[in-house]
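Structure first, then comments.
Chain naming here is simple, since letters A, B, ... match the order of the sequence lines and numbering starts at 1 in each. In what follows, every heavy atom counts, from backbone to side chain, and hydrogens, waters and symmetry copies are set aside.
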Amino acid sequence: RKEVEQDPGPFNVPEGATVAFNCTYSNSASQSFFWYRQDCRKEPKLLMSVYSSGNEDGRFTAQLNRASQYISLLIRDSKLSDSATYLCVVNSYTGGFKTIFGAGTRLFVKA
Amino acid sequence: ETGVTQTPRHLVMGMTNKKSLKCEQHLGHNAMYWYKQSAKKPLELMFVYSLEERVENNSVPSRFSPECPNSSHLFLHLHTLQPEDSALYLCASSQVRTDSGNTIYFGEGSWLTVV
């Protein structure tokens with residue numbers, strides 16, 4: 001089992017749609033979580049951190065479910081510019097720090 | 001404007017060449033990384049330097065040789081590469097904390113083509 005798993009997609013949605021991605025992780029001792037966005041042929045960029053209580057940044061909502069070991073990203077009112085690959089990132093500190101990137105979920109938003 | 005700068009942005013090299021990728025971070029971080037991203041593949045961690053000491057090496061071929069002279073600079077020395085080494089090489093940095101976080105910031109990457 002991979003340490004961090006994401007549905008690769010692609011997710012094809014129309015503008016204005018709501019779309020959600022999940023990411024599961026295997027290490028129950030994982031401590032911090034992030035979502036990154038990567039545009040085609042560009043570097044990954046931090047989209048948002050994921051807090052235990054859930055957090056929202058405009059049209060984006062991130063949630064953490066420690067019991068089931070997954071994090072989620074919800075995008076409301078999708079824009080064409082949201083088309084990208086979304087990477088899930090999990091940090092753990094057992095025996096030294098370790099940062100694991102998921103393989104990413106590809107999103108296409110169409111007019 | 002990125003706090004992590006990489007040069008060159010594009011590099012074409014022959015299999016017998018020796019070249020180096022350079023990375024500099026202006027964020028005051030205590031860890032630096034090299035990642036490889038091949039076409040349509042996930043990020044692969046190559047090397048991590050924390051406090052100028054290498055702490056992880058994921059069995060990367062010896063034709064890739066990292067160097068970290070100080071906490072702000074990181075090099076990746078390349079020699080006798082193979083065509084399958086053609087990829088995007090991403091440098092990154094972070095401030096490692098054991099309490100929470102470890103947000104990684106990437107440079108724009110160096111596109112490497114081996115011919």
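Under the 4.5 Å side-chain heavy-atom criterion for Ile, Leu, Val, Met, Phe, Trp and Tyr, Leu90(B) and Val4(A) are members of distinct hydrophobic clusters. Residues Phe75(B) and Leu78(B) do not share a hydrophobic cluster, defined by chaining ILVMFWY side chains whose heavy atoms lie under 4.5 Å apart. Residues Val19(A) and Tyr86(A) share a single hydrophobic cluster, defined by chaining ILVMFWY side chains whose heavy atoms lie under 4.5 Å apart. In terms of hydrophobic clustering, with Ile, Leu, Val, Met, Phe, Trp and Tyr side chains grouped at heavy-atom distances under 4.5 Å, Leu47(A) and Val4(B) are assigned to different clusters. Tyr89(B) and Val115(B) sit in two unconnected hydrophobic clusters of ILVMFWY residues. Membership requires side-chain heavy atoms under 4.5 Å apart, directly or through other members.
Neither side chain, Gln37(B) nor Glu43(A), offers a donor N or O lying under 3.5 Å from an acceptor on the other.
Interatomic distance, Tyr33(B) OH to Thr99(A) OG1, rounded to the nearest 0.5 Å: 5.0 Å. From Leu88(B), atom CG reaches atom NZ of Lys42(A) across 11.0 Å, with rounding to the nearest 0.5 Å.
Proximity to chain B is absent for every atom of Ile100(A), based on heavy atoms less than 4.5 angstrom apart. At a 4.5 Å heavy-atom cutoff, the contact between Arg41(A) and chain B is made by backbone and side-chain atoms alike.
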- Message: Apply side chain to side chain contact (heavy atoms under 4.5 Å, CB included) to residues Leu87(A) and Leu43(B) and explain how you reach the verdict.
- Response: CA-CA 10 Å; Leu87(A) 305 171; Leu43(B) 286 167; 4.3 Å; yes
- Message: Between Thr103(B) and Tyr36(A), is the side chain to side chain contact (heavy atoms under 4.5 Å, CB included) condition met? List the steps.
- Response: CA-CA 10 Å; Thr103(B) 307; Tyr36(A) 278 68; 3.7 Å; yes
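Ile104(B) has its side chain out of reach of Val89(A): every pair of non-hydrogen atoms, C-beta onward, lies at least 4.5 Å apart.
Between Phe34(A) and Tyr105(B), the distance separating the two ring centers is not shorter than 6.0 angstrom.
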